[in-house]
Amino acid sequence: MQYTGSCHCGDVKFEFEAPAISGGLQCNCSICSRKGAIMSDFVLTADQLKITAKADALSLYQFGTMVGKHYFCSRCGIYPFHETVRVPGSYRLNLNCVDGVDARSLPLQMFDGKSL
């Protein structure tokens, strides 16, 4: 299936192909618990995720080991995706930002990011 998504204001947009989204991940690390995102239970390589952002719209936040890269829109503050710690160069998506997906209705797996 072809998917599209964006931050709240639309300055950061993305698109990708994947099988039908049928579940998600909820992480207990300090940043994920605070932002309340529901992440994809699959990863995409940089080649599989097409990102379009207005100039200076895509900002980066890193902490701890500085391996994970948490991206957010500098205008509206929404987090649409991140580059993973466990698979650098691959991305998980905030399913709440994917058009047509009701992330709150999906079965969720718990991910113990606090232990990484």
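We number each residue from 1, following the sequence as shown. All heavy atoms count here, side chains included; hydrogens, waters and symmetry mates do not.
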Between CD on residue Glu83 and OG on residue Ser90, distance to nearest 0.5 Å: 7.5 Å

From CA spacing to verdict: side-chain contact (heavy atoms from CB on, under 4.5 Å), Met39, Cys27: CA-CA 8 Å; Met39 301 179 307; Cys27 179; 3.6 Å; yes

Which atom of Pro88 lies closest to which atom of Val67, heavy atoms considered: CG-CG1, 3.8 Å

Spacing of CD1 belonging to Ile38 relative to CG belonging to Asn96, to within rounding of 0.5 Å: 5.0 Å

Gap between atom CZ of Phe16 and atom OG1 of Thr4 - 0.5 Å precision: 8.5 Å

side-chain contact (heavy atoms from CB on, under 4.5 Å) between Leu25 and Leu108, intermediate numbers included: CA-CA 5 Å; Leu25 294 178; Leu108 302 179; over 6 Å; no

Joint hydrophobic cluster, Val43 plus Ile31, side-chain heavy atoms closer than 4.5 Å: no

Pairwise distance CZ(Arg92) to SG(Cys32) - rounded to 0.5 angstrom: 10.0 Å

Sub-4.5 Å side-chain heavy-atom contact between Tyr91 and Thr84: no

Nearest-0.5 Å distance that lies between atom CG in Asn94 and atom NZ in Lys35: 7.5 Å

Heavy-atom pair of closest approach, residues Leu60 and Gln62: CD2-OE1, 3.7 Å

Inter-residue atom distance Ile21.CD1 - Tyr3.OH, 0.5 Å rounding: 4.0 Å

Linked, directly or transitively: Leu106 and Met110 (ILVMFWY side chains, under 4.5 Å): no

Below 3.5 Å, can you tabulate the donor-acceptor pairs from side chains in residues 71-81 to any protein atom, sequence neighbours excluded?
{"residue": "Ser74", "atom": "OG", "partner": "Asp56", "partner atom": "O", "Å": "2.6"}
{"residue": "Ser74", "atom": "OG", "partner": "Ala57", "partner atom": "O", "Å": "3.2"}
{"residue": "Tyr79", "atom": "OH", "partner": "His82", "partner atom": "ND1", "Å": "2.6"}

Steps toward side-chain contact (heavy atoms from CB on, under 4.5 Å) verdict (Leu93, Leu49): CA-CA 10 Å; Leu93 309 167; Leu49 180 62; 3.8 Å; yes

Contacts of type side-chain contact (heavy atoms from CB on, under 4.5 Å), residue Ser6, not counting sequence neighbours: Lys13

Min side-chain heavy-atom separation Gln2-Glu15 under 4.5 Å: yes

Side-chain touch Phe111/Asp41, heavy atoms, less than 4.5 angstrom: no

Minimum heavy-atom distance between Leu58 and Ala53, given as atom pair plus value: CB-CB, 4.1 Å

Charged N-O contact under 4.0 Å between Arg104 and Asp102: yes

With sequence neighbours excluded, residues passing side-chain contact (heavy atoms from CB on, under 4.5 Å) with Ser33: none

